[in-house]
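Remember, it's a predicted structure, so these values are computed and weren't measured experimentally. Residue numbers begin at 1 in each chain, while the letters A, B, ... track the order of the sequences.
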Amino acid sequence: MTEQTSFFKGEMEKVHRTLFLTPWPAWVSGVFLAFLALLIFMWWHTWGVAGGFANWGDWFYYRLGLYESAPQRGVLLNGMSVSNIGLLVGAFASALMSRQFAVHRAPRWEYGKGLVGGGLMGVGAAIAAGCNVGGFYSALGMLDLGGALMMLGLFAGAYLGLRYLLWEMENVGQNSQGVSGVGTESRRDWSRIAPYVGVSVFVLILVVFQVYNWLGQTQMGGLLFFGFLIGLVMHRGRFCFANAFREPFMTGDSTMMRGVIVSLMIYALGVAAMKWAYIQPPGAGVYHPFWMGSLLGGVIFGFGMLLAGGCASGSLWRAGEGHLKLWLALVGFFLTNSPMGRLLDHSGVRELLGGGVFIPELLTWQGGLTLFYLFCAGIMLLLVWNEQTEKFTAF
Amino acid sequence: MTVQENLQNIQADHVLDTKGLSCPMPLLKVKKTLKTMKPGQVLEVQGTDPGSKNDIPNYCEKHGYQFLGYEDHPENYTRYFIRIE
């Protein structure tokens, strides 16, 4: 080996270690996530996840013959569906690069919780017109008041979910005990080659982008690529909204929630710049059902994500990492989200749940942004205070 | 890793099996079990969730438990050792 190649190899190993072997702090993932969400907002429109699951559910029930008309777009041409696929594949590639990919099996009871938790998330997301991403993260980033109400609902739902898990641990404990023989398929044998497979997956995504481009669907190709990067960023920081909403009650730790809020502070500023400058219309992404839908949907969603052990985005990246329980959560999600959405639309209940409230329209841009940042600062202080005193911890 | 040599010699007072469970169940069980143990005792946690490698040391650091280290077992799970102070 010549001196140059060994120098090159050494440098590559350093980059690999920094990016993939050292865990990222939550706030680092949060910063990257804000930029990627903003890129999606510029490139297409507001980033969401549940809409992609609704599309999968629509197709599933249409193929079964239960829906009369086919969905407007195929799974490979629906924006949120495409970015979801990107997110899952991105987490898969990231898990390979960091040698963490393995098929993780779970006890049967846990599979049931994945399916039911996913189903509850699907119902909650249909009521709140979005999941933890579309209904909370993006809604608040777009300065839609419904996002703040869903945040409140998610805290309440996560608290109830945690109480359930504690009850379950005492009363049906043996069902979710670790079982010998259940667990993780061999990772040693191929952990050496896994990073190379990860690089191949990345190259494959670039090729698929090019294919989309040739077919005149550059926008979809871009969404796949941005979704891929989101998957990678979320996996490396183990960026998890379920964790963010649960930990203040479980251990008092608020690291993840502070990462989410840092992310939102950047996201909202970028959105404000784009909307104020009319790069995107001011009303973009403002449709969340304030207040009843966002609050009620948030509670149901929050409870569901505690059972499943992952929110909409978290289930996607954990599925990419190989957890079979979270695959079932995805299935549960699309099975309920699609029919629940239809039910709300056709029964007219949707209108009763509320409508979008654009904060700057109420308070001007200056007032709205000031209020938003005061809100973020207030939540941060509350979280840090709880970390010291553990006033909110459930046990 | 030199730490692993020492981990081999640790006699745990209690072994908590969380193999196959994913977030948040392992940490929830760890928190509950630690509360029932006496100062000086050592808890061994066995688990397969990659998230535990961050969660368990962080939890111990913030709540005054001594995290002794972890090692990957040849049978594809990880063993974590915690001492109650």
Most contacts with chain A, counted as non-hydrogen pairs under 4.5 angstrom, among B:Leu27, B:Asn58, B:Asp55:
B:Leu27
Can you establish whether the number of heavy atoms outside [X] located under 6.0 Å from its atom [atom1] is more than 12?
X        : atom1 : result
A:Tyr164 : OH    : yes
B:Glu61  : CD    : no
A:Phe155 : CZ    : yes
A:Lys391 : NZ    : no

Would A:Lys113 and B:Met25 count as a side chain to side chain contact (heavy atoms under 4.5 Å, CB included) here? Give the steps.
CA-CA 12 Å; A:Lys113 277 161 71 184; B:Met25 297 316 287; 3.7 Å; yes
Go through the atoms of A:Thr255 and report whether side chain, backbone, both or neither lie under 4.5 Å from a heavy atom of chain B.
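Interface part for A:Thr255: side chain.
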Heavy-atom contact with chain B under 4.5 Å, split by part of A:Leu162
side chain
Check whether any side-chain heavy atom of A:Glu168 lies under 4.5 Å from a side-chain heavy atom of B:Leu28, and answer yes or no.
no
Would you call B:Pro50 and A:Arg318 a side-chain contact if the rule is heavy atoms closer than 4.5 Å?
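Not in contact.
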What is the minimum heavy-atom distance between A:His104 and B:Thr48, and which atoms define it?
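Minimum heavy-atom contact is CE1-O, 3.2 Å.
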Heavy-atom pair with the smallest gap, counting every atom of A:Leu306 and B:Pro24:
O-CD, 4.3 Å
In Å, rounded to the nearest 0.5 Å, how long is the span from NZ of B:Lys32 to CE of A:Met169?
5.0 Å
Please check if the side chain of B:His63 supplies one atom and the backbone of A:Thr251 the other of a donor-acceptor pair under 3.5 Å.
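Answer holds: yes.
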Quick one, A:Thr393 with B:Lys31, criterion side chain to side chain donor-acceptor pair (under 3.5 Å). Give me CA distance, side-chain angles, the key distance, then yes/no.
CA-CA 12 Å; A:Thr393 43; B:Lys31 181 175 177 181; 5.2 Å; no
Among A:Arg246, A:Glu247, A:Lys325, single out the residue with the greatest number of heavy-atom pairs under 4.5 Å to chain B.
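Between A:Arg246, A:Glu247, A:Lys325, the count favours A:Arg246.
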